[in-house]
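Here is the structure we will look at, set down as structure tokens.
No experiment lies behind these values; they were computed from the predicted model shown.
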Amino acid sequence: MNMCMHAIRQCSLACLFVGVLAGAADSLPPGVIVATTPLPETQYIGSPSIVVLPDGTYVACHDFFGKAGPGLRQTHVYQSRDQGASWMPLSHLPNATWGTLFVHQEALHYMGIFDEPGNVVIRRSADGGRTWTEPKDTDSGLLFTGKFHSAPVPVVVQAGRIWRTVEEVVNDEKWPRHFAALMLSAPVGADLLKASSWTRSNGLVFDGSWLPGRRPGWLEGNAVVTPEGGISNLLRVNTELGLDAAYELSGPAAGIPRFEVAACADVSVDGRSLVFDPAKGFIHFPGGLSKFTVRYDPVSKRYWALVNKVTHPHADRPVETEPVAQRNVVILTSSADLRYWQEHARLLEWRPGEKLIRKERYGFQYLDWQFDGDDLIAVARTAWGADNFHNANYLTFHRVRNFRASPAAK
């Protein structure tokens, strides 16, 4: 690997932050490699999550998805004691997928889904991720039974409760029309491994008439504390164009660029009611087509996100080159109020100005991240010479230095 590729691997704002065009076929991806798939043609890395323990240790995880392989629907956990420069395996969790790592009351937790779709479960580790509780029953982490879907989405504490979103499969429609969005919550002092501690809201199904297109729907919501102190579910919205839909959006989302729509649903203080007003609930969010993580920074008093920006939307493209295939650009964004988002900088990119097809083999997606002093640290599901852009073969770690000093996009 030449010196240029060494420079690419350490992407941050301090060094112009951008991973550029792919080099030789055997070159390594940008960032620090945490893990690779042993079966790149059939078993892929998904659901990246990262957390900082109270002692400063980084813990990250991913699951495996795909066509075949012994590790499907398992989550693997890693740690770094040198601020992400190197990583070592800690443990693996059987029948664990679409999960979030978070720290609560000094203990590390993993909350996700048993099988896919499946039951909502939670596990706890008292030793930093080496060993975990097993969700055998409703007193040990089996929280809700059914067909649930999720992703590594934020866990937040507000108004004496801890909050996290999931989706429930409620009909036989195609993805993601079969999802109902909902919110889960529990008192902060409760035993989170007990199902009796948790409350679920009603589920909301997306109304296709709100947003014309191919398979309109929502998923992978973020629990966020609003500027007014309430709780909302900020959701990814699928806005693929479709053959019979106009490129310009109509209805409640009119005026928002296609592929840049998110939806904000409000949650009652007791966590039992989730409501969405289409007249004001759609927002212009630059990464709304793909999964994103939003977190609030009390220092800057802004919400921040790392998102996949659709940089080459063009209205007349065929299905094979539509923007759902574009996860080759990652940008840093922020907002003071959750509604108006400012684009700051491109952090990762690969062939950003080209029409990409579904069989492209490069992409950075599903980034989960945390604040670490003046920096952001993140893990990505990275496809680098992979089966295709979606079927990632790497888990990579990235640092964005001095993110609050990043300029606004021109």
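The six-membered or imidazole ring of F206 lies near that of W218, with a centre-to-centre distance under 6.0 Å. Ring centroids of W384 and Y394 are separated by 6.0 Å or more, keeping the two rings apart. Ring centroids of F403 and F371 are separated by less than 6.0 Å, placing the two rings close together. Aromatic rings of H62 and F64 (six-membered ring for Trp) have centroids within the 6.0 Å cut-off, being under it. Under the 6.0 Å cut-off for aromatic ring centres, H398 and W369 do not qualify, their centroids lying 6.0 Å or more apart. In this structure, the ring of F276 has its center less than 6.0 angstrom from the ring center of F282. Between H390 and F65, a ring centre-to-centre spacing shorter than 6.0 Å is recorded.
Taking every heavy atom of both residues into account, A151 and E220 meet most closely at CB-CG, 3.7 Å. Listed here is the closest heavy atom pair of N308 and S290: OD1-CB, 3.8 Å. Minimum heavy-atom separation, A60 to V379: CB-CG1, 4.1 Å. Scanning both residues, L101 and S49, for their nearest heavy atoms gives N-OG, 3.0 Å. The two residues A181 and L274 make their nearest non-hydrogen contact at O-CD2, 3.3 Å. Taking every heavy atom of both residues into account, E106 and P54 meet most closely at OE1-CG, 3.6 Å.
Judged by distance alone, with hydrogens and angles left aside, the side-chain atoms of S232 form no donor-acceptor pair with the main-chain N or O of L234 at under 3.5 Å. No donor-acceptor pair closer than 3.5 Å links the side chain of H312 to the backbone N or O of V310. For the pair T37 (side chain) and N393 (backbone), a donor-acceptor distance under 3.5 Å is absent. No donor-acceptor distance shorter than 3.5 angstrom exists from the side chain of R177 to the backbone of K174, with no hydrogens or angles considered.
Salt bridge D368/R295: present, at least one basic N to carboxylate O contact under 4.0 Å. Salt-bridge check for R73 with D63: failed, with every basic side-chain N at 4.0 Å or more from each acidic carboxylate O. Salt bridge annotation for D375-R399: present, with a cationic side-chain nitrogen under 4.0 angstrom from a carboxylate oxygen. With respect to R214 and E322, a salt bridge is recorded, a charged nitrogen being found less than 4.0 Å from a carboxylate O. A salt bridge links K309 with E343: the distance from a Lys NZ or Arg NE/NH1/NH2 to an Asp or Glu carboxylate oxygen falls below 4.0 Å. Between R215 and E240 there is a salt bridge, since at least one side-chain N of the basic residue sits less than 4.0 Å from a carboxylate O of the acidic one.
With F285 as the partner, the ring pair (Phe, Tyr, Trp, His ring centres under 6.0 Å) test is satisfied by one option alone out of F259, W341, Y340: W341.
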Derivation of the ring-ring contact (aromatic ring centres under 6.0 Å, His included) call for W87 and F397: CA-CA 10 Å; W87 294 83; F397 169 82; 5.6 Å; yes
Step-by-step salt bridge (Lys or Arg N to Asp or Glu O under 4.0 Å) determination, D374 to R404: CA-CA 7 Å; D374 292 329; R404 298 183 189 93; 3.4 Å; yes
Criterion salt bridge (Lys or Arg N to Asp or Glu O under 4.0 Å) on K67 and E41, from CA distance to verdict: CA-CA 9 Å; K67 305 170 186 175; E41 294 183 357; over 6 Å; no
ring-ring contact (aromatic ring centres under 6.0 Å, His included) evaluation trace for Y362 with W350: CA-CA 7 Å; Y362 297 85; W350 180 82; 4.4 Å; yes
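Residue D55 places its CG atom among more than 12 non-hydrogen atoms of other residues, nucleotides or ligands, all under 6.0 Å distant. Few gaps surround NZ on K355; more than 12 heavy atoms of other groups in view lie less than 6.0 Å from it. Within a 6.0 Å radius of CZ in R358, other residues, nucleotides and ligands contribute more than 12 heavy atoms.
Distance CG/N222 to CZ/R164: 10.5 Å, rounded to 0.5 Å. The CG atom of L182 sits 12.0 Å away from atom OG of S273, with the distance rounded to the nearest 0.5 Å.
A cation-pi geometry, defined here as NZ or CZ lying under 6.0 Å from the six-membered ring centre and within 45° of its normal, does not hold between R327 and F389.
The closest side-chain heavy-atom distance from L395 to I45 is below 4.5 Å. Side-chain contact between L306 and I331 is absent, with no heavy-atom pair separated by less than 4.5 Å.
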